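The next block holds one structure in the form of structure tokens; read it before the comments.
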Amino acid sequence: MVKPIYFTNKIKDFNKKIFVDGDKSLSIRWTLMASMALGKSRAYNLLKSDDVLSTIASLKKLGVKIKYNKKYHEINGNGLNSYIYKKNLTINAGNSGTLGRLILALLINSPRKIRLIGDKSLSKRDFSRVIQPLKKFGVNFYPNNKTTLPISIKGKNLIKPIKYFENKGSAQCKSSVLLAALNASGKTFIKAKKSRDHTEILFKNLKIPIKVKKTKNYDYIEVEGKKNFKALNYNIPGDISSSAFFIVLTLLSEKSNLIIKNVNTNPSRTGVITILNKMGAQIIFKNRKLYKGEQIADISVKSIKKLNSINCPTKLNSSAIDEFLIIFLVAAKARGISYFKNLEELNQKESRRLDWGSKILNMIGVKTELTNHSIKIYGNPNLILYKNYEVKNYLRDHRIMAMTTVAALTLGGKWKINDPDSINTSFPSFLKIIKNLGGKIN
Ligand code: S3P
């Protein structure tokens, strides 16, 4: 067991430039795609977090050759349907919903049953959302009708394309179907509620036949399977979800300035920026560029004294889905009552984040009202803490660890945070950057 960490001082003012670790969604997607490409793909700045390490370990079990030499990761792919399926194979997705849901799609041709397991948190999460569409492709799951891990999948040699309607705004569901479609003979059609579109962008870069028609609420996607694609080198940009903690640390500290270099600012991920700017922040993108279809920028942010409450438009939910915990913390310090609605998906994450977010705010004396997947947060601009606070984080949720660290460093009080290593799921450099900005960890 890793020892808890303690915070007893607020962070002093800072004026710095930092890099955050590589984007998790892109790191997992690149690794999976490279394992099915023809030839050697290299990634620079691939995220070296537990979720990505689980991805690499899973693919190695399927016979994929992966090397790391300090500068880059190299994956030697043998094309579509080239994995080696050993007897009694178990794949462990660890804490990663993205890996668990996406790798099932890659096992669609397996002639043998493969067991998929995960940690305590992942084993509580819903898998029916990908089992249902994958079954339509013709594969079987065991036990039939089970909706959580562990489950086993047995594939087919001949996979038929499907028509699928994704209505949760889940990029994992959409991506799982897109990946399965790569091995189907013919065209798969998807109508998907808006969600992050890294998989579609990667497909285009790999020259996989994909057509995307974007309308206001839905994307209509058509992808043709059975087309091999070539290897792809990639320089993974920083993760906006990891950046969000440092954006809020800066906003809520007294008089600080921060630039976060080279972050993926794909519009399907920047809901947090739109929301915080609506609340009075002045977050700016600088040095904007396009890299392999993804938008990249340096993010500039400074401390703000007056933050306002927000009635958050639900159309921003999907593009801010991983940032709500840290947004709730800003709402706790804002003037007025903030309202966030239709957040049922937030309770489907590594922990029940809508419920836990509310409990953490209550612990620090902030009033909340939880009704019907919505939360009202009664903000208090004069919120200053003096007491002792303990964060149990029993499901080891990395974003609860990071959110409470930011609370401890900006609001005061004496904090004990258990299982601080949970942050290694997504952001191994987190505490190193906290120290670099002057945060004192005991
Ligand atoms: C992710 C999609 C989101 C997000 C998760 C990463 C992805 O999940 O919460 O952290 O990389 O596709 P959902 O698809 O369940 O919304």
Side-chain angles (χ1 to χ4, degrees), residues 21-33 46-47 49-52 54-55 93-106 118 121-122 124-133 147-149 164 166-180 190 192-203 219 221 236-237 239-245 264 266 268-272 294 314-327 342-354 357 373 395 397-400 402-403 422-423 425-427:
D21 293 342
D23 186 286
K24 178 152 75 80
S25 290
L26 272 179
S27 294
I28 294 176
R29 282 164 173 76
W30 175 85
T31 307
L32 296 176
M33 293 304 292
L46 192 78
L47 173 63
S49 78
D50 290 346
D51 281 6
V52 182
S54 300
T55 309
N95 187 249
S96 177
T98 308
L99 171 60
R101 285 153 181 166
L102 268 50
I103 199 137
L104 284 175
L106 267 52
S121 151
L122 190 61
K124 287 180 184 288
R125 297 175 69 182
D126 169 49
F127 270 71
S128 64
R129 56 180 59 203
V130 287
I131 291 174
Q132 275 168 13
T147 58
T148 51
L149 301 187
Y164 168 63
E166 197 294 305
N167 62 358
K168 294 182 197 300
S170 162
Q172 292 175 356
C173 295
K174 175 177 69 179
S175 301
S176 189
V177 171
L178 281 167
L179 292 175
I190 305 174
K193 209 167 148 184
K194 295 279 176 192
S195 65
R196 63 190 70 185
D197 60 356
H198 305 302
T199 311
E200 297 90 304
I201 293 175
L202 261 178
F203 275 28
D219 288 349
I221 309 170
I236 310 280
D239 195 321
I240 193 158
S241 300
S242 298
S243 307
F245 297 106
N264 184 338
N266 178 321
S268 66
R269 298 281 300 280
T270 52
V272 61
E294 293 283 353
T314 54
K315 66 168 195 273
L316 293 173
N317 284 359
S318 155
S319 63
I321 193 65
D322 291 337
E323 286 69 67
F324 276 104
L325 281 174
I326 197 69
I327 292 169
N342 296 5
L343 283 175
E344 47 272 49
E345 278 299 299
L346 208 51
N347 273 341
Q348 300 282 342
K349 300 296 168 191
E350 286 83 330
S351 69
R352 295 180 62 86
R353 287 190 184 147
L354 184 58
H373 313 302
L395 278 176
D397 184 337
H398 52 129
R399 301 208 198 278
I400 287 197
M403 174 237 194
S422 54
I423 195 64
T425 287
S426 62
F427 194 2

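All ligand and atom numbering here is 1-based and tracks the order in the structure. For clarity, every value in this text was computed on a predicted model and none was experimentally measured.
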Ser25 to ligand 1: N or O pair under 3.5 Å?
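Yes, since at least one N or O of Ser25 sits under 3.5 Å from an N or O of ligand 1.
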
Taking distance alone, with N or O pairs closer than 3.5 Å, would you say Lys24 contacts ligand 1?
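Among all N and O atoms of Lys24, none is under 3.5 Å from an N or O of ligand 1.
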
Between [X] (side chain only) and [Y] (backbone N and O only), is there a donor and an acceptor less than 3.5 Å apart?
{"X": "Ser49", "Y": "Thr425", "value": "yes"}
{"X": "Glu166", "Y": "Ser170", "value": "yes"}
{"X": "Ser121", "Y": "Asn95", "value": "no"}
{"X": "Thr147", "Y": "Ser128", "value": "no"}

May I ask you to list the atoms of ligand 1 that are less than 4.0 angstrom from any heavy atom of [X]?
{"X": "Ala171", "value": "12 (O), 14 (O)"}
{"X": "Ile321", "value": "9 (O)"}
{"X": "Gln172", "value": "1 (C), 2 (C), 5 (C), 6 (C), 7 (C), 8 (O), 12 (O), 13 (P), 14 (O), 15 (O)"}

Quickly, which of Asp50, Asp322, Asp51 forms a salt bridge (charged side-chain N to carboxylate O under 4.0 Å, His left out) with Lys24? Name it, please.
Asp51

Atom 7 (C) of ligand 1: of Gln348, His198, Arg29, the nearest heavy atom sits on Arg29

Given Arg399, Arg125, Lys349, which one has a non-hydrogen atom that is nearest to atom 15 (O) of ligand 1?
Lys349

Looking at atom 10 (O) of ligand 1, what's its closest protein heavy atom, distance included?
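That would be Asp322 OD2, 2.8 Å.
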
Would you call Glu350-Arg125 a salt bridge at under 4.0 Å N-O?
yes

I'd like to know if Lys174 pairs up with Glu200 as an ion pair, taking the criterion as any Lys NZ or Arg NE/NH1/NH2 lying under 4.0 Å from an Asp or Glu carboxylate oxygen.
yes

So for Arg196 against ligand 1, with non-hydrogen atoms under 4.0 Å, the contacting part is side chain

